[in-house]
Amino acid sequence: MAAVCLTALTLITAASLPVGTGGHSGARTSLTRQNLVPAQNTRPSEEVLALQTDAWLRLGGRELLVKMTGEVLNIMKALQDDRAFTDRGYAARVIRPHCLGLRTAAQRLGAYFPVPDPDVARQRPTLPAQGRLIGTNCRQAIDEGKRDLYITSMNDVLTLSERLSGVLREVTAEAGHHPGR
């Protein structure tokens, strides 16, 4: 899956590279590895970064972030009901499926190729791990009746919600920075 996404990203980026650079009128930019995948200690140009991020979003990144966010919002909606903290059956029926969905979405996001923007990428690796942990803790708390773990995981859901919306805003803003947008 990652190889297919990387190939698609490369093709989209290659098709979008500017023409007429390097003094060669009408010539395409060289498609060397250095142009498309810069060294670890260098940052790609803003245009290339924006194109890569736009491709990341269009090829599934946005859907994965939205899926995680949707599961978090469903948990938060269920927490509005007083039974969320007093009725274990309610938590098992209404909240537990979203905890499992959050864990699955986090696993899928962790397996997806990284966000091209190095600043966002530094924050992003913790999102899948945090989502998996919250989903697992939530499920375990409900299944085993561990009230303290349940309350902690619900607080963690609120924190994750803020992080997810922030990362989605940053990635979307980065993708919008290229001139073709």
Side-chain angles (χ1 to χ4, degrees), residues 1-18 28-29 31-78 95 97-139 153-154 156-181:
M1 173 72 172
V4 172
C5 292
L6 186 56
T7 301
L9 175 65
T10 302
L11 291 173
I12 291 168
T13 302
S16 303
L17 287 172
R28 281 217 173 265
T29 300
L31 298 180
T32 64
R33 177 171 168 74
Q34 290 303 88
N35 287 352
L36 295 174
V37 183
Q40 285 289 59
N41 59 353
T42 63
R43 182 178 174 94
S45 73
E46 291 301 316
E47 183 177 6
V48 169
L49 187 59
L51 290 168
Q52 290 174 334
T53 304
D54 181 59
W56 184 89
L57 286 168
R58 287 187 286 121
L59 295 173
R62 180 185 323 270
E63 286 80 14
L64 291 171
L65 287 172
V66 167
K67 176 67 175 160
M68 272 185 75
T69 303
E71 295 296 351
V72 166
L73 291 175
N74 285 330
I75 292 170
M76 291 171 59
K77 180 180 174 187
I95 297 174
H98 298 296
C99 294
L100 296 174
L102 172 60
R103 187 178 67 191
T104 300
Q107 287 170 333
R108 290 183 59 215
L109 182 64
Y112 196 64
F113 65 90
V115 176
D117 184 331
D119 296 331
V120 175
R122 276 190 282 285
Q123 297 175 26
R124 190 201 143 275
T126 61
L127 285 177
Q130 187 179 16
R132 283 190 306 270
L133 180 62
I134 293 168
T136 299
N137 286 348
C138 171
R139 181 209 43 83
S153 65
M154 294 305 105
D156 291 343
V157 164
L158 299 175
T159 302
L160 182 61
S161 136
E162 294 170 9
R163 289 199 61 222
L164 280 168
S165 61
V167 168
L168 187 55
R169 270 193 313 274
E170 289 175 33
V171 171
T172 302
E174 180 62 49
H177 282 120
H178 70 82
R181 282 266 167 213

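Since the model is a prediction, treat every value here as computed from it, not as a measurement. In this chain, residues are counted from 1 in sequence order.
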Note to self: Return the CG to CG distance between L64 and L59, rounded to the nearest 0.5 Å.
What the structure shows: 11.0 Å

Margin query: Please enumerate all residues that pass salt bridge (Lys or Arg N to Asp or Glu O under 4.0 Å) together with R139, with sequence neighbours excluded.
Written below: D143

Check: Taking atom NE2 of H98 and atom CD1 of I75, what is their separation to the nearest 0.5 Å?
Finding: 7.5 Å

Note to self: Please give me the minimum heavy-atom distance between G131 and L102, naming the atom from each residue.
What the structure shows: O-CG, 3.8 Å

Next item on the list: Give, for atom OG1 of T104 and atom CZ of R132, the distance between the pair rounded to the nearest 0.5 Å.
Entry: 11.0 Å

Note to self: Please check: side-chain N/O of S161 versus main-chain N/O of V157, any donor-acceptor pairing under 3.5 Å?
What the structure shows: no

Item checked: salt bridge (Lys or Arg N to Asp or Glu O under 4.0 Å) pairs, two or more places apart, involving residues 61-78 -> K67-E71

Item checked: Nearest-0.5 Å distance that lies between atom CD1 in I95 and atom OG in S153 -> 9.0 Å

Next item on the list: Kindly indicate whether the side chain of L51, heavy atoms from C-beta on, has any atom under 4.5 Å from the side chain of E47.
Entry: yes

Check: Can you name the side chain to side chain contact (heavy atoms under 4.5 Å, CB included) partners of D156, sequence neighbours left out?
Finding: I134, T152

Next item on the list: Quick one: list whatever passes side chain to side chain contact (heavy atoms under 4.5 Å, CB included) with L164, sequence neighbours left out.
Entry: L65, M68, T69, V72, L127, L160

